[in-house]
Amino acid sequence: MRVVVAKSASAAASMVADLVEGFIGTSPSPALGLATGETMEPVFAELVRRHREQALSFAGVRAYLLDEYLGLDRGDRRAYRTVVDRLLAGHVDFEAGAVRGPNPHATDLDAECARYERAVREASIGLQLLGIGSNGHIAFNEPGSPLDSTTRVVTLSEATRTDNARFFGSGQPVPAEAITQGLATIAAAGELLLLACGRHKAGAVARAVEGPVTTEVPASALQLHPKVTVVLDPPASTGLTRPERATGS
Ligand code: F6R
């Protein structure tokens, strides 16, 4: 695992954009795994800027979302599919149908999870972007998620619903359930790239990077993957007890 502490949150986002650009530029048939959430917003903004100003092209790139809320209306602006369209896909040159996610409106959700799991495995994700929850989740694999978990319907923890309440208005509850790729689904990607920014992520980052591999900290499963880069801003690195193992940007 390579741990990089960038000089700032914007430098960290820029570094992630560099790695995405490098992946797209060198892979003959790039399959990119997308995370959503506040952490990814500056990454998406930087990718859109590079598309506009430096001709970074997403033609030929297939992209797969990690997860999606259940129970929101079609087109709800908080739905991750809508977020990706609004912040990234709607501004760059993905081909029609190239951005995919699990369908939260399917009548048979178990069948939809199995279908999406197959689609992601067949796509063979080359680079998977990840954020981390303050409770150590990746995608919506909450503490207790098995290492061999695959795409499934999950119940969100109270911690995650509290953290994500900022995206929802007062009086509008955060959905209780979601579809998420599992830890085994994520581990099948060729390379994992986790970005974490802010002091509120420092504890989860330290437990994921330095703690034991445990289902109580789903992101600790990254330690088992052969190719992982963790990009942090300085506040997110403050929980590391062995910061000398991290490299500067
Ligand atoms: C969302 C996802 C989640 C987020 C995590 C951090 O697709 O995979 O695991 O990455 O909840 O969210 P933010 O970036 O909003 O702190």
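In each ligand, atom 1 is the first atom listed, and ligand 1 is the first ligand listed. Start at 1 with the first residue, then count along the sequence.
Looking at every heavy atom in both residues, Leu66 comes nearest to Ala35 through CD1-CB, 3.8 Å. Nearest approach of Ala12 to Leu232, heavy atoms of both residues: CB-O, 4.1 Å.
For the pair Arg81/Asp85, a side-chain contact is recorded, criterion being any heavy-atom separation below 4.5 Å from C-beta on.
With hydrophobic clusters built from ILVMFWY side chains whose heavy atoms lie under 4.5 angstrom apart, Leu147 shares a cluster with Leu194.
Taking the six-membered ring for Trp and the full ring otherwise, Tyr69 and Phe168 have centroids separated by under 6.0 Å.
Atoms CG and OG1, from Leu72 and Thr82 in turn, are 8.5 Å apart once rounded to the nearest 0.5 Å.
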Extract all N/O-N/O pairs under 3.5 Å that connect ligand 1 to the protein, and present each with both atom names and the distance rounded to 0.1 Å.
unit_1, atom_1, unit_2, atom_2, d
ligand 1, 7 (O), Thr36, N, 3.0
ligand 1, 7 (O), Thr36, OG1, 2.6
ligand 1, 7 (O), Asp67, OD1, 2.7
ligand 1, 7 (O), Asp67, OD2, 3.4
ligand 1, 8 (O), Asp67, OD2, 3.1
ligand 1, 9 (O), His137, NE2, 3.4
ligand 1, 9 (O), Ala139, N, 3.3
ligand 1, 9 (O), Ala139, O, 2.8
ligand 1, 11 (O), His137, NE2, 2.7
ligand 1, 14 (O), Glu38, N, 3.2
ligand 1, 14 (O), Thr39, N, 2.8
ligand 1, 14 (O), Thr39, OG1, 2.4
ligand 1, 15 (O), Glu38, N, 2.8
ligand 1, 15 (O), Arg166, NH2, 2.9
ligand 1, 16 (O), Lys201, NZ, 2.7

